[in-house]
There are 2 protein chains.
Amino acid sequence: MTADEGDLPDIRRDVPTAIHTQISEHIRLRIASGEWPAHYRLKAEPELSQEFGVSRGTLRRALVTLIEEGLLRQVRGRGTFVTSTVIEPAIAQKLSTLSEDFASQGVVTSTVVRECSLITPPPPVAALLDVSRTTRVLRLVRVRSTTEGPVALLFNFVRTDLAPGIEQTDFTQSSLFGVLEGTYGLKIATARRTFSAEAASPEVAEALTLTAGGPVQYLQQVTYLADERPVEYSDVWIHSGRLRVTSLLLRR
Amino acid sequence: MTADEGDLPDIRRDVPTAIHTQISEHIRLRIASGEWPAHYRLKAEPELSQEFGVSRGTLRRALVTLIEEGLLRQVRGRGTFVTSTVIEPAIAQKLSTLSEDFASQGVVTSTVVRECSLITPPPPVAALLDVSRTTRVLRLVRVRSTTEGPVALLFNFVRTDLAPGIEQTDFTQSSLFGVLEGTYGLKIATARRTFSAEAASPEVAEALTLTAGGPVQYLQQVTYLADERPVEYSDVWIHSGRLRVTSLLLRR
């Protein structure tokens, strides 16, 4: 970094505030202002300590404070990064479920089951599930929340000819894919997921604490077994301010 | 399908309209009503012809009409499906670009370049591109349209130290990744893409013929070279009614 940056920290040695505290506060402000956005990789420690005009040990102490606060994270062999303030499941890239992704990222969530009953599906859902319109399917409605609040409202429609009795499951404790694969031994193989921005209906807005008519991330999914039979259809509404669909992609 | 479907077609042999025309019209209405949604797989031809009470040849003639109209498509070995009315690039699943995805799907698009100039980047973009805030980068603003209208508004910021002179490219004819890889020999390796629903700003709404404040699909991307240097940052605004981000995923 050169003088053209124009915002070298003003480290003061004539005040009672410790140098490492001044540095961590300076970095905190850069993160809060958005100047150092989520996923920004900080310069290497030798360069950064030189820039701040402090020893490696002092810089390190400032960084450790911010790592403990969750504002920075270190990835072995890659460096120090600014942490994202939203959860970032890779559900567009992998056929994992939100609950699996939360578990692998160590995100604690809670689930409220709003409905778990047998219904006759709407005609488009019947068509995509390849059942007649009078066949009863499971309708499962759940709200998943983190400590920040609700992040997703899920409507799942599940073929009960493939999973008889599934409506008796306690879905506050069990995941849908877990039950289909574990309890019923079904081989979930593929899914089509589409993502679009939609206007929140009053019902969606209420569940996700959003403004009705405002933007909400919509995910539609059809899940297929290894023998190509569809097993599940879902409409998922996601609070983009708390959960951002993320893909880490390779070119080749 | 059984009698419980309640909507068996009323094929009439006492009218001048040909039977195959009646069948294709019946299917057209089911698609238009959403009863047979995009990606619905039709029953196999023997079953379907029995249901309609017509010969395989008559059914086949009706299907061919609809395939020629683009309402149905046949996939060898898998069956006949209802075509999606929106384009569905797999940009959340693969590190392909919109233009590459359009080309592979045979979608014809046009590009208007609104800006192609060297600027000093906003601080968060400078941070993610790992350049100082006074380094000049390419800012490329494009609108991509299909015959339906504008589908995406793209803002790309590109490091010119890695691609000197890139601002002289005619981006109505060339793709950005094509130029970076072809002309400059850069090895694009990875990208992080995030997807969220946002409210359209007046500028975005105007470009995409949307309502300001209404929902728009937002994609943020940072692209990295094989040596992990960031080369490009982008903000992409997508018209969800015309283009739906799609992933076809495998469980294992």
Side-chain angles (χ1 to χ4, degrees), chain A residues 1-2 4-7 30 33-37 39-41 43 78 82 86 88 91-95 123-128 130 132-134 177 187-200 213-218 222 228 238 240-241 244-252, chain B residues 1-2 4-7 30 33-37 39-41 78 82 86 88 91-95 123-128 130 132-134 177 187-200 213-218 222 228 230 238 240-241 244-252:
Chain A
M1 201 181 283
T2 57
D4 62 39
E5 291 293 316
D7 55 1
R30 284 194 176 188
S33 72
E35 185 189 340
W36 284 8
H39 306 295
Y40 168 62
R41 179 166 58 185
K43 290 178 198 296
R78 295 209 54 227
V82 175
V86 296
E88 299 187 331
I91 53 173
Q93 181 188 357
K94 296 183 299 183
L95 183 41
V125 174
L128 290 173
D130 203 13
S132 90
R133 282 158 50 181
T134 54
F177 274 28
K187 306 286 180 224
I188 291 175
T190 62
R192 166 189 296 276
R193 285 178 173 165
T194 61
F195 298 85
S196 58
E198 305 288 344
V216 62
Q217 180 72 57
Y218 170 61
V222 186
E228 297 202 357
I238 292 169
S240 281
R244 194 143 303 165
V245 176
T246 300
S247 293
L248 297 172
L249 301 167
L250 299 179
R251 178 68 169 159
R252 301 285 167 225
Chain B
M1 197 182 283
T2 56
D4 61 41
E5 290 293 315
D7 54 1
R30 285 194 175 187
S33 71
E35 185 191 337
W36 284 7
H39 306 295
Y40 169 62
R41 179 166 58 185
R78 295 208 56 227
V82 175
V86 297
E88 300 188 328
I91 54 174
Q93 181 187 357
K94 297 183 300 184
L95 183 40
V125 174
L128 290 172
D130 203 13
S132 91
R133 282 159 49 181
T134 54
F177 274 28
K187 307 286 179 224
I188 292 174
T190 62
R192 167 190 296 277
R193 287 178 172 164
T194 61
F195 298 85
S196 57
E198 306 287 344
V216 62
Q217 180 71 57
Y218 170 60
V222 186
E228 296 203 356
I238 292 169
S240 281
R244 194 143 304 163
V245 177
T246 301
S247 294
L248 297 172
L249 301 167
L250 299 178
R251 179 69 170 159
R252 301 284 167 227

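Just so it is clear: chains get the letters A, B, ... in the order the sequence lines come, proteins before strands, and each one is counted from 1.
- Heavy atoms only, all atoms of each residue included: B:A92 and A:S247 are closest at O-OG, 2.5 Å.
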B:Y218/A:S240 under side chain to side chain contact (heavy atoms under 4.5 Å, CB included): CA gap, chis, key distance, verdict = CA-CA 10 Å; B:Y218 170 60; A:S240 281; over 6 Å; no
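- At a threshold of 4.5 Å between non-hydrogen side-chain atoms, the residues B:P37 and A:L128 count as touching.
- By the side chain to side chain contact (heavy atoms under 4.5 Å, CB included) test, A:V86 pairs with A:S84, A:E88, A:R244, sequence neighbours left out.
- Per-residue heavy-atom pair counts under 4.5 Å with chain A were compared for B:A126, B:G34, B:A191, and the maximum is reached by B:A191.
- A:Q93 contributes no side-chain N or O that, together with a main-chain N or O of B:Q93, makes up a donor-acceptor pair within less than 3.5 Å.
- Contact annotation for A:A199: both backbone and side-chain heavy atoms come within less than 4.5 Å of a heavy atom of chain B.
- The closest donor-acceptor contact from the side chain of A:E35 to the backbone of B:P124 lies at 3.5 Å or more, if one exists at all.
- Per-residue counts of heavy-atom pairs under 4.5 Å with chain B were compared for A:R192, A:R78, A:R193; the largest is that of A:R192.
- Distance check, rounded to the nearest 0.5 Å: CG of B:L249 to CD1 of A:I188 gives 12.5 Å.
- No other option in A:L250, A:V245, A:I91 has as many heavy-atom pairs under 4.5 Å with chain B as A:V245.
- B:F177 touches chain A through its side chain: at least one heavy atom from C-beta onward sits under 4.5 Å away, while N, CA, C and O do not.
- From B:Y40, atom OH reaches atom CG of A:D130 across 6.0 Å, with rounding to the nearest 0.5 Å.
- Although no hydrogens or angles enter the test, the distance criterion places no donor-acceptor pair under 3.5 Å between the side chain of A:R251 and the main chain of B:T190.
- Contact of A:K187 with chain B is not made at all, since no heavy-atom distance falls under 4.5 Å.
- Ranked by heavy-atom pairs under 4.5 Å with chain A, the list B:G241, B:S196, B:A200 is led by B:S196.
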